[in-house]
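Each remark here refers to the structure printed beneath this line.
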Amino acid sequence: MNNQSNEQEINRKRKNNMSEIFCTHHENLRVEEEGEDKNDLTLRLMSFRPTTRPRKQSPERNQSNLPVGLPSFPPPPLPMSQSVSVEPVRGSLRKRRNPSKANNKDGNNEIIHPPFPWATNRRATIHTLDYLLTKKIITISGEVQCKRCERKYQMDFDLKEKFLEVGTYIAENKSAMHDRAPDIWMNPLLPTCQFCKQENNVKPVFSGDKNSINWLFLLLGRMLGCCTLDDLKYFCEHTKNHRTGAKDRVLYLTYLTLCKQLDPNGPFDR
């Protein structure tokens, strides 16, 4: 009986000891779990904490941290702007020369003293036919010289008669000229000498001064072909005509321009 009671007592104590051990172990586990939860929460909060970067200090604040003993120097002055001289490019642009406005070789202006009563005070320009008839100028004279006997004398042309011959020839043959002087103008048929009677032998006299060329006399006698190419270029230069090209070209322009000056309403347009 006593032995049985002792065994029961021993079993009860074992049960109590086991229950205490179990409770103690369970309490320890709960404490550890709570600690882990707190640590986990702490780690999570730290992972979401915003990161703050240190601000860069401005130059004024940095200067305040400089040692007191160092001298402060002012900033260097800005470099002055230097003017760069650019030389113009020479020869890259070339202005086209206008023949009508080119200066003549004598260096004078267009106004001259009229060399003949039928000439105006402008270079290479004659009066109109109406003006000359109004002034009773009906005969045009000029100086000629025979190539054979070398006699010089004055020859006269009737203004209306000779101009009618020249104007009629131009009106009938202009379309076939193709802006070129015909051979009869390039190699004109010269008058017969009144002294030696040599045919095709009298030529007009040129003084050498282009201002004194007797343009109307040469036109009426159809002796403009006796002019040199330089003389014809001079005429075209001062009458706003293109003065470059062969002689037959500038001679054609000279004939038409003189006829246009004499009769502005005639069929003498180019």
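The basis for the numbers below is simple: all heavy atoms, side chains too, and nothing from hydrogens, waters or symmetry mates.
Scanning both residues, Gly266 and Lys260, for their nearest heavy atoms gives O-NZ, 3.9 Å. For Leu216 against Ile126, the heavy-atom pair with the smallest separation is CD1-CD1, 3.9 Å. Of all the heavy atoms in Pro115 and Ser212, the pair that sits closest is CB-CA, 4.1 Å. Nearest approach of Ala181 to Met186, heavy atoms of both residues: O-CG, 4.0 Å. Between His127 and Pro117, the closest heavy-atom pair is CD2-O, 3.7 Å. Here the closest non-hydrogen pair linking Val250 and Thr244 is CG1-O, 4.4 Å.
Using a 4.5 Å cut-off on side-chain heavy atoms (C-beta onward), Cys259 and Phe163 make contact. Between Pro182 and Asn173 there is no side-chain heavy-atom pair separated by less than 4.5 Å. In this structure, the side chains of Leu190 and Met223 come closer than 4.5 Å at one or more pairs of heavy atoms. Proximity of Val166 to Leu219: side-chain heavy atoms (C-beta onward) are separated by under 4.5 Å at one or more points. Counting only heavy atoms from C-beta outward, the side chains of Leu218 and Ile213 approach each other to under 4.5 Å. Residues Pro191 and Met155 meet the side-chain proximity criterion, which asks for heavy atoms closer than 4.5 Å. For the pair Leu132/Leu159, a side-chain contact is recorded, criterion being any heavy-atom separation below 4.5 Å from C-beta on.
Under the side chain to side chain donor-acceptor pair (under 3.5 Å) criterion, Arg222 pairs with Glu165, not counting sequence neighbours.
A perpendicular orientation is assigned to the rings of Phe195 and Tyr153, their planes being inclined by more than 60° (bins at 30° and 60°). Between Phe217 and Phe157, the ring-plane angle classifies as parallel under the 30° and 60° cut-offs. Between Tyr234 and Trp215, the ring planes lie parallel to each other; the angle is under 30°, not in the 30° to 60° tilted range.
For the atom pair Tyr255 OH and Ile170 CD1, the distance stands at 8.0 Å (nearest 0.5 Å). Here the CZ-CG distance, from Phe116 to Asn214, works out to 4.0 Å after rounding to the nearest 0.5 Å. The line from NZ of Lys160 to CD1 of Ile138 is 8.5 Å long, rounded to the nearest 0.5 Å. Atom CG of Asn121 sits about 10.0 Å away from atom NE2 of His113, to the nearest 0.5 Å. Remark: Thr120 OG1 to Ile112 CD1 distance equals 7.0 Å, nearest 0.5 Å. The OH atom of Tyr131 sits 13.0 Å away from atom CH2 of Trp118, with the distance rounded to the nearest 0.5 Å.
When the shell of 6.0 Å around CG of Leu229 is examined, it contains more than 12 heavy atoms from other residues, nucleotides or ligands. The environment of Lys203 atom NZ is sparse: at most 12 non-hydrogen atoms of other residues, nucleotides or ligands sit within 6.0 angstrom.
Residues in residues 133-157 take part in no salt bridge (charged side-chain N to carboxylate O under 4.0 Å, His left out) pair, two or more places apart or across chains.
With hydrogens and angles ignored, the 3.5 Å screen pairs no side-chain donor or acceptor of Glu199 with any backbone N or O of Cys193. The backbone N or O of Thr228 sits less than 3.5 Å from a side-chain atom of Asp231, completing a donor-acceptor pair.
When only modelled atom types and interatomic distance are considered, Thr257 and Asn241 share a side-chain donor-acceptor pair under 3.5 Å.
Placement of Leu164 and Leu129 in two distinct hydrophobic clusters is found when ILVMFWY residues are connected by side-chain heavy-atom separations under 4.5 Å, directly or transitively.
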Test side chain to side chain contact (heavy atoms under 4.5 Å, CB included) applied to Leu262 and Thr128, step by step: CA-CA 4 Å; Leu262 201 57; Thr128 64; 5.9 Å; no
Val202 vs Gln194, side chain to side chain contact (heavy atoms under 4.5 Å, CB included): CA-CA, chis, key distance, verdict: CA-CA 9 Å; Val202 176; Gln194 68 179 13; over 6 Å; no
Full working for side chain to side chain contact (heavy atoms under 4.5 Å, CB included) between Thr192 and Gln198: CA-CA 5 Å; Thr192 301; Gln198 182 67 36; 5.8 Å; no
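Considering Leu256, Asp248, Thr254 in turn, Leu256 is the only one that fulfils the side-chain contact (heavy atoms from CB on, under 4.5 Å) rule with Tyr252.
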